[in-house]
Amino acid sequence: MASIYPFQEIEKKWQEHWDKEGTYRAEDLPAAEKSKKFYGLIEFPYPSGEGLHVGHPRSYIAIDLMTRKKRMEGKDVLYPIGWDAFGLPTENFAIKHKIRPADATAKNVANFTRQIKSLGIGFDWSREINTTDPEYYKWTQWMFLKFYGSYFDAVEGRAKPIDLLAIPQSVAEQGEEATKRFRDEKRMAFKTATKINWCPSCKIGLANEEAIGGVCERCGTTVEQRTKEQWMIRITAYAQRLLDDLVGVDYLEKIKAQQINWIGRSEGAYVDFDVTAGSGLLPDKLAVFTTRPDTLFGATYMVLAPEHEMVARWIEGGLIENVTEVETYKTQARGMSELQRQENKEKTGVALKGLMAINPANNEKIPVWIADYVLAGYGTGAIMAVPAHDERDFEFAQKFGLPIVQVVAAAEGDETRGLPFTSLGVAFNSGILNGLATDEAKAKMIEWLAQNGCGRGAITYKLRDWVFSRQRYWGEPIPLVKCQKCGWVPIPEDQLPVTLPDVEKYEPSDTGESPLAAIRDWVETTCPQCGGSAERETDTMPNWAGSSWYFMRYCDPHNDKAFADPEKLKFWMPVDLYNGGMEHTTLHLLYSRFWYKFMWDLGLVPHECSSEPYAKRRSHALILGEGGIKMSKSKGNVVNPDDVVKEYGADVFRVYQMFIGPFDQDAPWDTHGIEGVKRFLEKIFVSYDSAIEKNYFISPEKTDEDLVVLYNQTVKKVSNDIEGMKFNTAVSALMILSNKAFEKFGTTADFMPKEMSEGFLKIFAPFAPHLSDELWHKLGHTTSIHREPWPQYDPAKCMSATFEMVVQVNGKVRDKMEVSADISEEEAKAIALASEKVQAFLVGKEPQKIVYVKGRLVSISV
RNA sequence: GGGCCCGUGGCGGAAUUGGUAUACGCAACGGACUUAAAAUCCGUCACCGCAAGGUAUGUGGGUUCGACUCCCACCGGGCCCACCA
């Protein structure tokens, strides 16, 4: 009985067949036929050495189902796959095993390919891409040069070629050097000395996004701060558009919230404070950002981040009396990691003795402090402290005995958060804010600041510019050279790609230079501009680069003249449905949206395409280990898809993955659960097999009405559920129909009529493509079921002629009766009241109210 | 601290979006077939009760003819963000 359902044979046969026939191949049509296309996308995997995890296929199978249905509905479906293969794990693996990263990648890709193909997913393999392929990263480099060759026009709010940048007269007059500098400072990609998060273990600079919580995202080591010249991309220029355009896309709400949160817009004002040392006014004002300019009257001290450049300048100028104390605090703060800082929320700080700031609102002198609760990277790195209206300031003021002054007008509606203002100062009423709500008071103050020349309204974002340099080998080389004479010079387009040279050792150096720096004959080159000697940039791009535009390459993956033909982009873009893990909904999503918008601005992506790359974004949840704990090698509860496919076959694996639970909810793997699905598929196979062999299909006229109704309901439910990504209930609906339709087949019932049998197979085909195509052919067809039209249901046949009407008395079910579907309200009520059971509960009382719900129930209250 | 989400059988979960709570699957139990086991098939399966009936969707209130669903409070759990001025 082992081969009751010979899946090995069947699945192999159909996979080969589809491959040969190009069943899942997408066809490039003219842009005018755009309404016919459907572009489904899954996050392309990183081909790790560990192979496919059972979590990966959840996404692939789900989108496979949806695209299969679209295909059957006549859409021209693009469902591609590729490899996001640059990155650290491969490089580290290569270092450890002393092999080339490219070889490790090739091996891993081959393994992933075999695994994914064994699942029968309808990918168009003819469009397979790999970010580490020079033919691919040539375009990643080309796009980087577009960033380099562009600036952001703040007035128009979009990127433009740098040639169009207007050079102010005053700059032009200073000569070529100044002009060049001016231009370089405006570029969308620019190199600058920045504080970077340095992972001492990976020996790599990390973007803020990769160092969340002060630890390296990859290895968990506490990151250090280092200063380094790094390539940056000006994503901040797009902050507002990245925010605004979320309105027009269909993302899960929580994903939108994450994007909004990360961009972190705040409205407020910059306020300039004069600073005095002794009796003299210092030349430079101290600027702060505040979201509550209306509380300016309550600012009783200032706080700067310890690393604020003005502090250094004041120390240098000998203006600070307690230099030693200040220096000690600065050193301490520098040594503290983000993590330690977060763990230790106790406020610390040091007053800068000898300095006072002047509150422009009331000309009062207020002390200036440094404290690590003020972050250097946000706003101006300095704040005006309003302890009466800010909890952190309050805490600090309490600890150091600083005055607390409540602003009366602003306090209204503010409730002051119920803080115990034991040392509450004079209630200061400015007069101008009298009776205003907070928002009005804010606007009023901004106006006042502008009039008095000590501030202006402003909007800030938490979003930082994108640190684009990595000091690593296994990434796209940044395609510029540094010429002694010309400065940074881009590699001409026709010389791209700049390929990675073979290297003896891939270990990064402690100096923080990429391993490429050691390859002198690669580094030493000539300047494309002047022909003089020049050195190549040895930094490589981050992992995010290749994945920021891959969905465009799928539209035209073999093009060697352009990253993609604009006509093909016009046809395929935007992606109709994008699915991936929640772990990529902040960074990758933000970067790729930004990248795309930039390309769109330059017209490299035709304007006929949407200004957003993904029309719809959904995310799947995790597959957990048995018992609901996360799968991990150390716990030894990792389920290998290979083993499952070997034991149960791809179709059982697929159906089980979809049946396991709601798609957006974590679900534990259950070795017993998959058995039930196996029985389900075996039942289908065996029943169809013998029905076909003996031609037991009943004629439509003789078909039981209940079955007709159930069939139509099932087609409807499965159609809707696939669309709504409610795969678990779709599977359940299929099981119900199969139980009813052919569980009793051979004992007490005949098989479904032929047309229904075919319809069932069609709606089942996206779930179990191999089994369905096999049975489809056994039914005598010669073309693939996956190109057949999706079955229609008859809405009139989704309802039976009768229904079970429930009668409630005072909200409790007291009787049920089978009545005609078109029963009138009066009739229904009369029948309900006539029921003996109902009468027993009415105990002779007169009904107060009778409600009839069509097709459902009668509710009587007494 | 902020934001989002979730609490339903022994387990994964369903519930037409305010209308018969517990679909479907797993596990468990009983039976048939078998020398026996597996597989398969037929049944039982929220709780209390012999039954009639009663009680149950984290807890307590509210709205309603009717609440898993809506509102308020509380308890418990999860995820994301977080000294962002």
Side-chain angles (χ1 to χ4, degrees), chain A residues 1-2 4 212-213 252-258 260-262 264-266 268 288-292 295 299 303 341-342 344-347 371-375 377-386 389-393 395-396 417 460-463 582-583 585-586 621-622 627-628 656 659-662 664-677 679-680 682-683 686 713 717 720 726 728-736 738-739 743-744 747 804-816 840 847-862:
Chain A
M1 274 294 209
I4 183 167
I212 292 168
L252 282 181
E253 270 317 306
K254 60 176 171 180
I255 298 176
K256 279 193 187 180
Q258 276 184 17
I260 291 167
N261 206 336
W262 195 264
R265 178 190 154 107
S266 358
V288 302
F289 176 74
T290 176
T291 52
R292 294 291 306 275
T295 64
V303 189
R341 213 190 227 203
Q342 277 167 23
N344 180 19
K345 296 233 174 159
E346 177 81 8
K347 297 279 182 296
D372 67 2
Y373 84 92
V374 172
L375 307 173
Y378 184 72
T380 64
I383 62 157
M384 60 179 216
V386 186
H389 301 283
D390 183 283
E391 271 181 78
R392 295 153 301 175
D393 296 347
E395 210 181 296
F396 192 80
R417 297 183 199 83
T460 60
Y461 302 90
K462 286 188 221 168
L463 184 65
M582 279 308 287
E583 69 275 19
T585 47
T586 335
L622 264 39
Y656 177 61
F659 189 55
I660 196 165
D664 55 0
Q665 238 176 73
D666 289 351
W669 187 265
D670 178 9
T671 27
H672 291 298
I674 199 166
E675 290 286 342
V677 170
R679 280 175 216 145
F680 171 49
E682 279 177 353
K683 219 178 293 173
V686 172
Q713 283 173 341
K717 179 153 180 64
N720 293 342
K726 289 153 78 175
N728 54 331
T729 49
V731 173
S732 137
L734 289 162
M735 285 173 168
I736 292 169
S738 99
N739 286 347
E743 191 166 61
K744 293 187 171 66
T747 54
E804 191 182 47
M805 188 175 78
V806 165
V807 185
Q808 298 179 337
V809 179
N810 288 339
K812 289 195 195 312
V813 178
R814 294 306 181 188
D815 201 5
K816 298 174 184 183
Q848 305 278 304
K849 191 170 182 182
I850 306 178
V851 178
Y852 171 64
V853 181
K854 195 169 185 313
R856 301 231 172 269
L857 52 77
V858 173
S859 176
I860 304 167
S861 37
V862 291

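Below, chain A is the first sequence line, B the second, and so on; all start at residue 1.
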Out of B:U40, B:C83, B:A14, which nucleotide sits closest to the side chain of A:Asn728? B:A14
Send over the distance from A:Arg265 CZ to B:A85 C1', rounded to a whole Å. 16 Å
Where the side chain of A:Lys726 is defined as all heavy atoms beyond and including C-beta, which of B:C83, B:G25, B:A15 is the nearest nucleotide? B:A15
What nucleotide, of B:G12, B:C26, B:C83, holds the atom closest to the side chain of A:Pro668? B:G12
Within 45° of the ring axis of A:Phe396 and under 6.0 Å from its six-membered ring centre, is that where the NZ or CZ of A:Lys347 lies? no
Would you indicate whether the side-chain heavy atoms of A:Ile660 and A:Asn728 approach each other to under 4.5 Å? no
If you pin A:Lys462 and A:Thr729 to their nearest nucleotides in RNA chain B, which one's is more 5'? A:Thr729
State which of B:C24, B:A85, B:C26 makes the closest approach to the side chain of A:Ser732. B:C24
Could you tell me whether B:U17 is syn or anti, where syn means a glycosidic angle within 90 degrees of zero? syn
Could you check A:Tyr373 against A:Asp393 for side-chain hydrogen bond (donor to acceptor under 3.5 Å, both in side chains), going step by step and ending with a plain yes or no? CA-CA 9 Å; A:Tyr373 84 92; A:Asp393 296 347; 2.8 Å; yes
Under 4.0 Å, heavy atoms only, any strand: does A:Arg814 hit a base, just the sugar-phosphate, or nothing? sugar-phosphate
A:Ile850 CD1 to B:G66 C1', straight-line distance once rounded to whole Å: 15 Å
Check every strand shown and say whether A:Ile736 touches a base, only sugar-phosphate, or nothing at a heavy-atom separation below 4.0 Å. sugar-phosphate
So, does A:Thr460 get its side chain near the phosphate of B:A85, meaning an N or O under 4.0 Å from OP1 or OP2? no
Would you say the side chain of A:Gln808 lies within less than 4.5 Å of the side chain of A:Ile860, judging by non-hydrogen atoms? no
RNA chain B: A:Ile860 or A:Gly379, which has the more 5' nearest nucleotide? A:Ile860
Audit row: A:Thr585, A:Gln258, side-chain hydrogen bond (donor to acceptor under 3.5 Å, both in side chains) steps and yes/no: CA-CA 7 Å; A:Thr585 47; A:Gln258 276 184 17; 2.6 Å; yes
Within the pair A:Arg856 and B:G66, is there a side-chain N or O less than 4.0 Å away from OP1 or OP2? no
Taking the side chain of A:Ile383 as heavy atoms from C-beta outward, which of B:A85, B:U20, B:A82 is closest to it? B:A85
Can you check the distance between B:G77 and B:A27, where both ends of the measurement are the C1' atom (answer in whole Å)? 25 Å
Considering every strand and a 4.0 Å limit on heavy-atom distances, what is the contact class for A:Asp666: base, sugar-phosphate, or nothing? sugar-phosphate
Can you tell if the side chain of A:Trp262 reaches within under 4.5 Å of the side chain of A:Lys462, non-hydrogen atoms only? no
Hey, does the side chain of A:Lys812 come within less than 4.0 Å of B:U55's phosphate (OP1/OP2), counting only N and O? yes
Would you check if A:Arg265 and A:Leu463 make a side-chain contact, meaning some heavy-atom pair closer than 4.5 Å? no
Quick one: does A:Lys816's side chain get under 4.5 Å of A:Val807's, heavy atoms only? no
Over how many whole Å does the gap from A:Lys256 atom NZ to B:C81 atom P extend? 20 Å
Using the C1' atoms only, state how far B:A28 lies from B:A73, rounded to an integer number of Å. 40 Å
Go through B:A85, B:C80, B:A14 for me and flag the one nearest to the A:Pro662 side chain. B:A14
If the C1' atom of B:G9 is compared with that of B:U57, how far apart are they to the nearest Å? 10 Å
Using whole Å, report how far CZ of A:Phe289 lies from P of B:A85. 7 Å
Categorize A:Glu804 for me: base, sugar-phosphate, or nothing, with a 4.0 angstrom heavy-atom threshold over every strand shown. base
Is A:Asn810 touching bases, backbone alone, or none of the nucleic acid, heavy atoms closer than 4.0 Å? nothing
Candidates B:C83, B:A85, B:C41 - which lies nearest the side chain of A:Asp372: B:C83
Sticking with atom C1', work out how far B:A23 lies from B:C75, rounded to a whole angstrom. 30 Å
OP1 or OP2 of B:U40 versus the side-chain N and O atoms of A:Arg679: is any pair under 4.0 Å? yes
Given side chains that start at C-beta, do those of A:Tyr852 and A:Leu857 come closer than 4.5 Å, heavy atoms only? no
Pairwise C1' distance, B:U17 and B:G12 [rounded to whole Å]: 23 Å
Test for a donor-acceptor pair under 3.5 Å between the base of B:U20 and the side chain of A:Gln808, counting only N and O atoms. no
With hydrogens left out and only the distance checked, is there a donor-acceptor pair under 3.5 Å joining A:Lys254's side chain and the base of B:C79? no
Assess whether one donor atom and one acceptor atom, taken from the side chain of A:Ser859 and the base of B:C65, lie less than 3.5 Å apart. yes
Rounded distance (Å) that lies between atom C1' of B:C80 and atom CG of A:Asp664: 15 Å
Separation of atom CG in A:Asn739 from atom C1' in B:C26, rounded to whole Å: 14 Å
If you check the A:Leu857 side chain, which of B:U55, B:U20, B:C26 turns out closest? B:U20
With pairs taken as Watson-Crick or G-U wobble and both distances under 3.5 angstrom, which stems of at least three consecutive pairs involve RNA chain B? B:1-7 with B:75-81, B:10-12 with B:24-26, B:28-32 with B:40-44, B:46-48 with B:53-55, B:58-62 with B:70-74
Figure out the NE2/C1' separation between A:His672 and B:G10, and round it to whole Å. 13 Å
Is there a side-chain contact between A:Ile383 and A:Phe289 (heavy atoms, below 4.5 Å)? no
Taking B:G43 as the reference, what is the distance to B:C33 when you measure between their C1' atoms (whole Å, please)? 15 Å
Let me know the distance between OH of A:Tyr461 and C1' of B:A85, rounded to the nearest Å. 17 Å
With C1' as the reference atom in both, quote the distance from B:C79 to B:A67 in angstrom, rounded to an integer. 28 Å
Scan A:Ser861 against the nucleic acid and name what it touches under 4.0 Å (heavy atoms): base, sugar-phosphate only, or nothing. sugar-phosphate
Of all the choices, B:A85, B:G13, B:U17, which nucleotide is nearest to the side chain of A:Gln665 once you look at every atom? B:G13
Does A:Thr585 reach a base, just sugar-phosphate, or nothing at all? Heavy atoms under 4.0 Å. nothing
Which part of the nucleic acid does A:Ile660 contact within heavy-atom distance under 4.0 Å: base, sugar-phosphate only, or nothing? sugar-phosphate
Is B:G9 syn or is it anti, if syn means the base angle is within 90 degrees of 0? syn
Please report the distance separating the C1' of B:G7 from the corresponding atom of B:A14, rounded so that it comes out in whole Å. 16 Å
Using a cut-off of 6.0 Å, state whether more than 12 heavy atoms not belonging to A:Lys254 lie near its atom NZ. no
Check: A:Val858 and A:Ile850 side chains under 4.5 Å, non-hydrogen atoms: yes
